[in-house]
Amino acid sequence: MIKIISLSTSTVAANSSQLYIIMSEVKPFVLRWGIIGAGRISSSFVKDLVLPTEGRNVVDVAHAVTAVGSRSIAKAEEFITKFCPEGGCAQKAGFVDTKPVARSSYAAVYADENVDVIYIGTPHTSHYEDSKNALEAGKHVLVEKPATLNQAEFKVLSVLAKSKKLFLMEAVWTRFFPLTFALEDIIFKEEIIGEIRRLQSDFSIDFIDVVDEDNRLLDINLAGGGLLDLGPYPLVWALLLLYRHPNNNRMAPEQIRASMVKYAKTGVDLHTDWTLDFPLLGPGARASLSTSIGVNGPMDPYFAIRVADAARPDKFIIRRSKVGRGPQEFTEEVKEFPIQGMGLNWEADAVARYIRDGEIESERMPHSETLLELGIFDEIRRQGGYTLPKGLEKVDLSV
Ligand SMILES: NC(=O)C1=CN([C@@H]2O[C@H](COP(=O)(O)OP(=O)(O)OC[C@H]3O[C@@H](n4cnc5c(N)ncnc54)[C@H](OP(=O)(O)O)[C@@H]3O)[C@@H](O)[C@H]2O)C=CC1
Ligand SMILES: O=C1OC[C@@H](O)[C@H](O)[C@H]1O
């Protein structure tokens with residue numbers, strides 16, 4: 001039997017049945033999750049925690065769901081019944097006995113001794129306080145994107161987490177996809193397209209025509225709009241491929257130029273476009289990034305490498321010109337990377353390994369890059385004139 005087994009972040013080929021049996025008998029590290037907010041993304045996350053890790057060739061870690069906290073106990077109970085009645089994959093496999101418990105407050109989840117890490121799936125406006133409360137209660141934290149409303153808020157969380165030696169990470173799941181690592185390899189190591197001079201990335205979903213008027217995405221009091229909700233995805237490609245490019249020496253983009261069109265009914269940003277310049281790369285590289293909650297994107301311009309979906313990539317296409325320099329004649333090579341479930345599980349596996357290994361920060365999603373992201377968003381909102389209602393931001397921007 002030949003089976004590919006991922007023991008840590010690296011992949012090991014085990015080509016004898018004997019080796020496979022020995023590895024299968026090793027009990028994985030089980031991370032016990034407490035979920036905050038019984039909404040849409042929490043349900044996707046938990047559904048992925050239930051999927052067997054073997055489906056993605058992982059044997060060293062597994063996930064238990066031990067508590068779900070909601071502002072309504074009935075909602076928490078319904079969430080468990082619907083998405084994780086037996087718990088996560090670790091409970092289903094019999095590695096732990098604890099069953100998921102419904103909690104009528106988030107505080108009760110922070111206080112639960114059967115919880116190691118809190119997953120925060122609440123609206124943007126709650127991320128700061130929910131993360132702070134969880135850290136103060138001594139729990140590790142994986143907080144949905146954007147980690148906080150502004151850079152100043154995350155600075156406070158970063159200091160708090162480090163002082164308490166707790167793991168804290170913004171849940172930019174796209175960073176943990178095998179496709180993303182493969183793309184970095186072919187660009188940085190194989191250098192198949194030479195120097196990067198320009199990168200375009202868009203992530204846009206037409207929400208205004210499909211969601212209710214009171215949806216969080218349109219609500220300025222929940223910091224709605226495209227930038228904070230969808231903006232992390234176009235940005236992540238600029239950060240991974242340009243900011244983290246070996247020749248960029250982690251130099252922050254030199255210029256940020258941004259423009260916003262507001263959704264007239266509520267004042268959140270409808271269309272947002274921005275550019276970031278990286279002067280150390282090639283002759284000078286530019287990322288042109290955009291997001292919109294008013295149209296579905298993107299268009300299909302000429303490209304050298306195209307990743308099919310900025311948030312949940314499952315394939316990339318390498319387009320090579322056959323003749324001359326133009327787009328007229330080209331070959332296309334499609335590389336596919338199957339996703340198990342929604343694909344939030346690679347991020348969850350990585351968090352389990354960090355916590356197992358006593359890490360308090362992810363090199364893949366370090367605090368410094370969340371701070372960089374949020375600093376860029378602060379500047380885009382300043383240039384676009386998007387001021388959040390007084391009181392939403394709990395830490396002053398000038399901190
Ligand atoms: N990684 C990804 O792919 C995705 C990430 N996200 C991120 O996750 C977060 C949540 O988004 P999503 O799941 O779509 O949102 P939902 O509105 O579906 O769920 C948010 C949950 O937060 C809780 N909540 C706490 N305070 C409030 C409040 N004042 N108003 C409304 N709900 C509140 C509610 O849970 P309860 O009533 O149980 O307390 C609610 O169900 C966002 O920050 C978003 O950016 C969202 C979608 C995809
Ligand atoms: O992260 C996200 O990706 C998918 C969108 O539907 C969602 O609103 C956003 O938060």
Side-chain angles (χ1 to χ4, degrees), residues 4-6 8-9 11 28-70 75-76 78-96 98-100 102 109 115-122 140-145 147 167 169-181 229 232-233 236 308-315 336-356 362 364-365:
I4 307 299
I5 296 174
S6 170
S8 60
T9 46
T11 303
F29 170 79
V30 175
L31 186 62
R32 301 171 305 169
W33 294 86
I35 309 294
I36 292 303
R40 188 164 65 109
I41 189 60
S42 294
S43 67
S44 299
F45 189 72
V46 162
K47 281 193 275 179
D48 278 1
L49 295 183
V50 173
L51 295 174
T53 55
E54 293 80 9
R56 53 187 185 277
N57 300 314
V58 166
V59 294
D60 61 328
V61 292
H63 306 281
V65 181
T66 44
V68 174
S70 168
K75 198 172 159 192
E78 192 189 334
F79 183 98
I80 291 174
T81 307
K82 218 163 150 189
F83 303 115
C84 53
E86 298 167 64
C89 58
Q91 288 138 313
K92 288 186 82 170
F95 294 130
V96 281
T98 339
K99 294 288 172 226
V109 181
V115 169
D116 304 312
V117 60
I118 306 289
Y119 172 78
I120 296 177
T122 55
H140 303 292
V141 168
L142 176 65
V143 56
E144 264 306 333
K145 28 65 56 185
F167 180 80
M169 190 180 94
E170 180 184 16
V172 184
W173 57 315
T174 317
R175 288 185 182 239
F176 297 89
F177 276 52
L179 175 148
T180 311
F181 290 101
D229 194 67
Y233 298 121
V236 77
D309 180 322
R312 186 175 178 272
D314 65 351
K315 64 170 172 289
E336 303 202 57
F337 295 77
I339 298 173
Q340 188 201 28
M342 171 114 162
L344 292 152
N345 30 34
W346 287 301
E347 168 186 78
D349 294 342
V351 171
R353 291 184 187 113
Y354 295 131
I355 292 175
R356 175 196 65 192
S362 159
R364 188 73 189 156
M365 180 71 256

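- Residues satisfying the ring pair (Phe, Tyr, Trp, His ring centres under 6.0 Å) test with F177, not counting sequence neighbours, are W173, W346.
- Here the side chains of I41 and M342 are in contact, with some heavy-atom distance below 4.5 Å.
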Side-chain donor-acceptor contacts of residues 82-89 below 3.5 Å, not counting sequence neighbours, with atom names and distances?
none

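- Put simply, the side chain of I120 does not reach to within 4.5 Å of the side chain of E144, judged on heavy atoms.
- Residues A90 and V30 come closest through the heavy atom pair CB-CG1, 3.6 Å.
- Between F176 and S362, the shortest heavy-atom contact is CZ-OG, 4.0 Å.
- R353 contributes no side-chain N or O that, together with a main-chain N or O of V61, makes up a donor-acceptor pair within less than 3.5 Å.
- Here the closest heavy-atom approach between residue S70 and residue K75 is recorded as OG-CB, 3.6 Å.
- Among residues two or more places apart in sequence or in another chain, the side chain to side chain contact (heavy atoms under 4.5 Å, CB included) test is passed with L51 by D48, Q340, N345.
- Note that R364 lies outside the cation-pi zone of Y354, set by a 6.0 Å cut-off to the ring centre and a 45° limit from the axis.
- Taking NZ from K315 and CG from L179, the interatomic distance works out to 10.5 Å, rounded to the nearest 0.5 Å.
- In this structure, the side chain of D116 engages the main chain of R32 through a donor-acceptor pair within 3.5 Å.
- For F45, the ring pair (Phe, Tyr, Trp, His ring centres under 6.0 Å) partners are W33, Y119, not counting sequence neighbours.
- Taken to the nearest 0.5 Å, the CG atom of D60 stands 5.0 Å off from the CZ atom of R356.
- Annotation: side chain of M169 is in contact with side chain of E347 (closest heavy-atom distance under 4.5 Å).
- For the side chain to side chain donor-acceptor pair (under 3.5 Å) test, no residue two or more places apart in sequence or in another chain qualifies with T66.
- Proximity of a side-chain donor or acceptor of T122 to a complementary backbone N or O of G37 within less than 3.5 Å is not detected.
- In this structure, R56 and D349 have side chains that are in contact, with non-hydrogen atoms separated by less than 4.5 Å.
- Partners of E170 according to the side chain to side chain donor-acceptor pair (under 3.5 Å) rule, which considers only residues two or more places apart in sequence or in another chain, are T370.
- Between atom CG of residue D309 and atom CD1 of residue I339 there is a gap of 8.0 Å, rounded to the nearest 0.5 Å.
- Two residues are said to be in side-chain contact when any heavy atoms from C-beta on lie closer than 4.5 Å; P52 and K92 fail this criterion.
- With a 4.5 Å cut-off on side-chain heavy atoms, S42 and F79 count as touching.
- Residue L49 comes nearest to A348 through the heavy atom pair CD2-CB, 3.6 Å, listed as atom of the first residue, atom of the second, then distance.
- With hydrogens and angles disregarded, a donor-acceptor distance shorter than 3.5 Å links the side chain of T180 to the backbone of T174.
- Minimum interatomic distance between H63 and A352 (heavy atoms only, all atoms of both residues): CE1-CB, 4.0 Å.
- When all heavy atoms of A67 and V109 are compared, the pair lying nearest together is CB-CG1, 4.0 Å.
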